[in-house]
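Data block below; observations after.
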Amino acid sequence: MTQNPKRYTITAALPYTNGPIHIGHLAGVYVPADIYARYLRLTGNDVAFMCGSDEHGVAIPMRAKKEGVSPQDIIDKYHGIIKKSFNDFGISFDNYSRTSAEIHHETASDFFKKLYKDGEFIEEVTEQLYDAEADQFLADRFVVGTCPKCSYEEAYGDQCENCGSSLSGTELINPKSAITGNVPTLKQTKHWFLPLDKYSDFLTEWIVEGHKKDWKPNVYGQVKSWVDDGLKPRAVTRDLDWGIPVPVEGAEGKVLYVWFDAPIGYISATKEWATREGKDWEPYWKDEDTKLVHFIGKDNIVFHCIIFPSMLKAHGDYILPDNVPANEFLNLEGNKLSTSKNWAVWLHEYLEDFPGKEDVLRYTLTANAPESKDNDFTWKDFQARNNNELVAILGNFINRVVVLTHKYYDGIIPEYTGEYEELTQVKHFPAIISSSIERYRFREASQELMNLARLGNQFLQANEPWKKIKEDPETVKGIMYVALQIASAIAVLSEPFLPFTSNKLKGILALDADLSWNDISTKEVLIPAGHKINPGELLFAKIDDKEIQAQLDKLEATKKANEAANKEVVPQKETATFDDFTKLDLRVGTIIEAEKVRKTKKLLKLIVDTGLDQRTIVSGIAESFTPEEIIGKKVTVLANLAPRTIAKVESQGMILMTETPEGKLVFVNPDEDGVNNGETIN
RNA sequence: AGCGAUAUAGCUUAAUUGGUAAAGCACUGGUCUCAUAAGCCAGAAGUUGAAAGUUCAAAUCUUUCUAUCGCCA
């Protein structure tokens with residue numbers, strides 16, 4: 001671990017510009033990163049907090065093609081929305097850049113050239129799938145075909161979504177171009193590979209041995225398993241016309257792999273910032289006394305812990321991350337967030353729907369952050385966090401103090417009389433909260449802040465100034481003095497979590513703007529006697545059921561829209577003659593046995609009594625039914641379908657199915673009393 | 001598939017390296033009236049995903065399951 005760093009470089013994962021920012025991105029990456037960055041600045045550290053839009057990769061041109069616009073249109077649109085919403089939400093990036101920026105192209109190019117010159121790459125000519133009509137190599141998702149491992153028919157060129165295998169396009173059976181639908185041909189192409197195997201020892205020493213204790217289990221576990229499995233050279237270039245051109249001779253029509261250029265974006269963003277601020281960027285990336293921390297989601301672990309560090313190591317000039325606190329994922333109302341299905345709470349929409357409530361979302365996402373496992377965001381929980389915690393505990397405490405101060409003393413802080421141990425207790429909070437933040441436990445840290453407000457409420461309750469004001473006004477002075485010190489501590493310590501509220505509260509208390517995190521522990525007086533505070537205003541307002549219902553309705557409408565989109569009726573196929581139809585031998589059968597096919601998610605192996613025989617049929621229905629619930633069911637069987645081996649099991653027929661709008665499969669079933677197995681259907 | 005992570009009270013989470021399962025919210029009861037029908041005090045709430053094993057002792061270690069997510073963008 002970097003001890004006593006002179007400066008911090010904090011990065012937050014570059015958002016991909018194929019959609020706006022949603023609560024999943026915020027909870028996983030940007031809110032924790034922002035809390036960390038704000039905390040460090042407040043404790044007097046030199047911080048560079050860097051981010052930017054990731055605008056390369058296959059998905060951008062694919063999406064552009066689909067929408068009939070240029071890739072540039074796509075990235076400009078989303079870069080604009082993303083940048084503005086981050087800014088309005090108070091994410092305090094020192095720079096938010098973009099990978100289409102000239103400085104980034106230059107930086108990434110130079111990085112590649114340095115490794116190339118130093119002989120850090122392996123060059124290899126391989127045969128890749130090529131679509132002659134589109135005049136394009138079919139990288140990753142541009143090709144679809146049958147998975148060689150599980151026979152799933154819609155596997156992509158990089159991965160099969162049914163069994164999860166990592167594939168390469170050339171392994172696919174019956175590959176088809178996702179652009180034209182044509183059958184691709186094989187064509188030779190040259191690519192550059194980073195030999196990750198060369199860095200295996202370095203990664204073992206640095207992470208597997210060096211960060212066993214301080215890195216999160218999900219991060220550490222994944223790195224260890226990759227290293228233990230043996231690393232392989234990884235291609236860092238692609239045949240594509242969107243991205244950063246490979247800056248060497250003979251590489252026309254090739255660009256850097258998006259995962260090669262994207263993390264370099266952190267460096268480019270730092271350069272851009274330093275130029276603007278008149279600073280030197282290099283210490284932030286090259287000085288051993290700099291602590292580098294990458295905030296990411298769990299899907300990015302290998303890139304930030306294996307590939308990028310290997311790149312940095314290969315380059316030789318750069319420091320390595322001190323920690324990579326990857327978060328898990330956030331779900332929304334029980335379902336996975338999905339940009340394509342519009343299943344999300346979009347930041348730019350939230351900011352419109354809930355003006356002035358930036359901190360409510362920040363707090364909810366922090367208190368319910370997916371730090372150790374996937375979590376669920378519900379609007380009901382959002383409402384409860386606001387009404388029961390922010391309003392009732394924190395907001396209410398501040399309001400009590402402010403109202404009483406105006407009522408008893410016309411807003412002027414009274415002299416401290418008596419002796420209260422709460423003044424000492426307050427001094428402990430900076431260290432308590434720091435300890436949580438520095439261990440990347442932001443959820444816990446936010447709860448400690450609430451505990452400070454609880455301490456305030458308990459203090460008032462125990463001392464009852466509203467009672468004593470009549471018979472013992474001198475004592476009340478001391479009580480209110482202490483309560484005001486607590487309120488001041490909250491104003492400062494809430495800044496990383498609730499920056500808008502912190503500002504508002506500092507305004508109400510007319511607090512010294514220079515009051516820092518450590519002052520809360522070291523200064524005897526946070527807000528002095530004789531000082532006048534401003535008229536109060538409520539920090540938080542209750543959110544009523546109507547507002548929550550409106551959001552739930554919005555989600556319900558999305559669900560309906562998705563169903564409607566899925567329901568689009570497939571056009572009628574070409575005419576079949578009666579003879580065509582009679583070729584099909586459709587029969588009634590009964591499922592007598594069912595079990596899951598090992599190593600697949602979707603397949604069930606069924607034994608069906610068809611009246612003719614008992615035969616094995618493999619059916620892709622495991623996600624809709626458990627084996628137990630379908631045993632004994634009467635189903636429609638296509639009996640004379642040519643046998644086919646699926647996942648090593650020979651299937652002798654097909655069960656006729658249809659589907660609900662939600663994608664649940666339903667049997668086409670002849671379930672009327674007195675129908676016998678083997679009866680033909682015509 | 002394989003690998004990794006996760007599974008603890010209705011909900012969100014703790015449990016410092018095997019030693020009395022602990023908080024907040026919600027709930028129930030009591031109480032106060034300065035405050036946003038807020039607060040404060042107390043209480044109830046658990047077969048720690050399942051099963052087996054190791055041990056004087058298991059949320060924690062082992063084995064086998066199950067479920068969810070990630071490993072491509």
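What you see below is based on every heavy atom in this structure, not just the backbone, and it leaves out hydrogens, waters and symmetry mates. In the text below, chain A, chain B and the rest are named by the order of the sequence lines, each starting its count at 1.
- The side chain of A:S372 approaches B:A14 more closely than any other nucleotide in the set B:A14, B:A5, B:G4.
- Distances were taken from every side-chain heavy atom of A:P217 (C-beta onward) to each of B:A35, B:A5, B:G4; the shortest belongs to B:A5.
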Donor-acceptor list for residues 540-548 of chain A side chains, cut-off 3.5 Å, not counting sequence neighbours:
residue	atom	partner	partner atom	Å
A:D544	OD1	A:K546	N	3.1
A:D544	OD1	A:E547	N	3.3
A:D545	OD1	A:Q383	NE2	2.8
A:E547	OE1	A:D544	N	3.4

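- Among the atoms of the strands shown, none is found under 4.0 Å from any heavy atom of A:K216.
- Under the side chain to side chain donor-acceptor pair (under 3.5 Å) criterion, A:Y266 pairs with A:H304, not counting sequence neighbours.
- Distance from the side chain of A:S225 is smallest for B:C3 among the nucleotides B:U36, B:C40, B:C3.
- The side chain of A:N396 lies closest to B:A38 when the candidates are B:C69, B:A38, B:U33.
- Proximity of the aromatic rings of A:F497 and A:F442 is defined here by a centroid distance below 6.0 angstrom, and this criterion is not met.
- Checking the phosphate oxygens (OP1, OP2) of B:C72, no side-chain nitrogen or oxygen of A:R238 falls inside 4.0 Å.
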Under-3.5 Å N/O pairs linking protein and nucleotides 23-26 of chain B:
residue	atom	partner	partner atom	Å
B:G24	O3'	A:R454	NH2	3.1
B:G24	O2'	A:R454	NH2	3.3
B:C25	O3'	A:N388	ND2	3.4
B:A26	OP1	A:N388	OD1	3.2
B:A26	OP1	A:N388	ND2	3.2

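- Heavy atoms of A:R441 sit under 4.0 angstrom from primed sugar atoms or phosphate atoms, though from no base atom.
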With Watson-Crick and G-U wobble geometry limited to distances under 3.5 Å, how should the secondary structure of RNA chain B be encoded in dot-bracket form, using | for bases paired to another strand and [ ] for crossing pairs? .((((((..((((.....[..)))).(((((.......))))).....(((((..]....)))))))))))..

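- An OP1 or OP2 oxygen of B:U33 is reached within less than 4.0 angstrom by no side-chain nitrogen or oxygen of A:Q461.
- Taking the side chain of A:K407 as heavy atoms from C-beta on, and the options B:C34, B:U6, B:C71, the nearest nucleotide is B:C34.
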List, one per line, each side-chain donor-acceptor pair under 3.5 Å for residues 224-236 of chain A, sequence neighbours excluded.
residue	atom	partner	partner atom	Å
A:K224	NZ	A:D228	OD2	2.9
A:S225	OG	A:Q222	O	3.2

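- At a non-hydrogen distance threshold of 4.0 Å, A:K373, A:D374, A:N375 from residues 373-380 of chain A come into contact with RNA chain B.
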